[in-house]
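Working notes, structure below.
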Amino acid sequence: PLFLKIAPMAFTPRHSGLVVVFDDISQLMEAQRANAWGEVARRLAHEIKNPLTPIRLTAERLEMRLEDKLSEPDDLALLHRAIETITTQVDALKQMVNDFREYAKIPTARMEAVDLNAFLEEASELYDQAGTPIELKLTSGIPHIQADKAQLRQVLHNLVSNSIDAAEGDTPSISIFTEPLSNDGRIIAIRLRIEDNGVGFSESILAKAFEPYITTKATGTGLGLPMVKKILDEHQARIQISNRMAPTGNIVLGARVDIIFKHLVADRPSCGEPIERS
């Protein structure tokens, strides 16, 4: 999307013309859409939340009142199935409401100096204990970044959860890399890369991944990646998603997510050797 401005200009008393200015307003429109979706999410969360508790309580009360009055096993089984369906769907709606509320009310980031390598090592230990090992390939000696640890943890959890889901029953293989980006020997940014062995991103997701309510999951709300993007925008960081492709042929090997952090605590002229953990 471009914003076009045209203005007349006299170059000399006898010669005049037009000045045409093209402004790329992609980021402006993205910000406007994000604000609009945030308002929609806030209102949906408010409207959906109110009737959920009465629905669940009424269903449970019906089950308690009718359970002793039904003598036929088929009727009793039907009652239990119906009540279970109601309560299960109410719980699903509650989770959706929580997702809406989190997207609409992401707090302002509280920035501090964060050792990204140490943060990733700590987080990976938790996933290891949960049965999902993560391979770390971290470059030592990189500068600390300015970040909100709680929000950064939320970003990592969303991305790793997506990788686990993308494995579709297979054992997920997740690798996390850090590396400095330099210009004239000076470190200007840190790249955090996450790769997996899942099904990758479809073309439709690649085109609109960060728009709310775009998802391929049967039970997803489509707010995971938009929340990640919203948090990283607050950090003035940039995120890119792509597919890992085989060297030969059009075969998707998995997904790749790159996050570029530009707010560094201190610049360092050089970095140490990569640190590998698995």
Side-chain angles (χ1 to χ4, degrees), residues 30-31 34-35 37-39 41-42 44-46 49 94-136 138-139 142-165 172 174-180 189-196 209-213 215 217 220-241 255 257-266 275 277:
E30 286 180 6
N35 288 335
W37 279 119
E39 180 64 17
R42 185 187 65 80
L44 280 175
H46 177 73
K49 183 178 180 181
K94 280 186 176 180
Q95 183 59 50
M96 188 182 299
V97 167
N98 291 335
D99 290 342
F100 287 156
R101 187 171 61 243
E102 287 180 14
Y103 178 76
K105 293 184 178 181
I106 293 176
T108 302
R110 296 182 177 181
M111 299 298 194
E112 61 178 310
V114 175
D115 183 339
L116 186 58
N117 286 347
F119 173 84
L120 293 171
E121 288 177 340
E122 178 185 346
S124 68
E125 288 180 5
L126 298 177
Y127 285 104
D128 288 343
Q129 294 170 8
T132 304
I134 294 178
E135 182 184 20
L136 297 180
L138 311 177
T139 302
I142 59 176
H144 292 188
I145 63 172
Q146 288 280 2
D148 182 314
K149 270 192 173 183
Q151 292 188 5
L152 197 59
R153 193 171 291 110
Q154 186 176 358
V155 167
L156 185 65
H157 174 69
N158 269 286
L159 296 176
V160 171
S161 296
N162 285 347
S163 294
I164 294 173
D165 292 340
I174 303 171
S175 300
I176 297 181
F177 308 77
T178 58
E179 63 173 325
I190 301 298
R191 174 167 31 221
L192 167 62
R193 171 171 288 176
I194 302 175
E195 294 183 345
D196 63 44
F210 302 114
E211 292 187 13
Y213 314 116
T215 182
K217 298 180 184 178
T221 58
L223 290 174
L225 284 177
M227 286 176 62
V228 166
K229 176 71 161 55
K230 197 170 183 180
I231 290 173
L232 293 176
D233 285 346
E234 186 78 12
H235 286 66
Q236 298 184 25
R238 184 161 49 92
I239 182 171
Q240 295 175 323
I241 64 171
V257 178
D258 286 325
I259 301 174
I260 310 297
F261 294 98
K262 296 182 179 179
H263 275 211
L264 309 181
V265 174
I275 309 169
R277 304 269 196 277

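Basis for what follows: all heavy atoms, side chains included, without hydrogens, waters or symmetry-related copies.
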Contact check, side chains of Val257 and Val228, non-hydrogen atoms, under 4.5 Å:
no

Report yes if the side chains of Leu225 and Asn162 come closer than 4.5 Å at any heavy-atom pair, otherwise no.
yes

Say you draw a straight line from CD1 of Ile134 to CG of Asp196; how long is it, rounded to the nearest 0.5 Å?
11.0 Å

Going by the rule side chain to side chain contact (heavy atoms under 4.5 Å, CB included), which residues pair with Glu179 if we only count those two or more places apart in sequence or in a different chain?
Thr139, Arg191

Could you state the interatomic distance from CD (Glu234) to CD (Gln151), rounded to the nearest 0.5 Å?
6.5 Å

Taking all heavy atoms of Leu136 and all of Ser124, pick out the closest pair and write down the distance.
CD1-OG, 3.4 Å

Is His263 reaching over with its side chain to a backbone N or O of Ala147, donor-acceptor style, under 3.5 angstrom?
no

Is the shortest heavy-atom distance from the side chain of Glu122 to the side chain of Leu126 under 4.5 Å?
no

If you round to the nearest 0.5 Å, how far is CD1 of Ile239 from CG of Leu232?
5.5 Å

Which pair of heavy atoms, one from Ile190 and one from Pro180, lies closest together, and at what distance?
CD1-CA, 4.0 Å

Where Phe177 and Leu138 come nearest, the two heavy atoms and their spacing
C-CD2, 4.5 Å

Report yes if some heavy atom in the side chain of Asp115 is under 4.5 Å from a heavy atom in the side chain of Ile142; otherwise report no.
no

Donor-acceptor under 3.5 Å (Ser161 side chain, Asn158 main chain)
no

For the residue pair Leu156 and Tyr127, what are the closest heavy atoms and their distance?
O-OH, 4.2 Å

From Ile176 atom CD1 to Glu121 atom CD, the distance as rounded to the nearest 0.5 Å
11.0 Å

Value for OG1 (Thr178) from CG (Leu192), rounded to nearest 0.5 Å, stands at 7.5 Å

Heavy-atom closest contact (Pro172 atom, Ser163 atom, distance)
CB-O, 4.4 Å

Can you check whether Phe119 reaches His144 side chain to side chain, under 4.5 Å on heavy atoms?
no

Mind checking side chain to side chain contact (heavy atoms under 4.5 Å, CB included) for Ala189 and listing every partner two or more places apart, or none if nothing turns up?
Leu181, Ile260, Lys262

Indicate yes or no: does Asp258 engage Arg193 in a salt bridge with an N to O separation below 4.0 Å.
yes

CE (Met111) and NZ (Lys149) are apart, to the nearest 0.5 Å, by 14.5 Å

Heavy-atom closest pair, residues Gln146 and Ala113:
OE1-N, 4.1 Å

Heavy-atom check, side chain of Phe261 versus side chain of Leu152, under 4.5 Å
yes

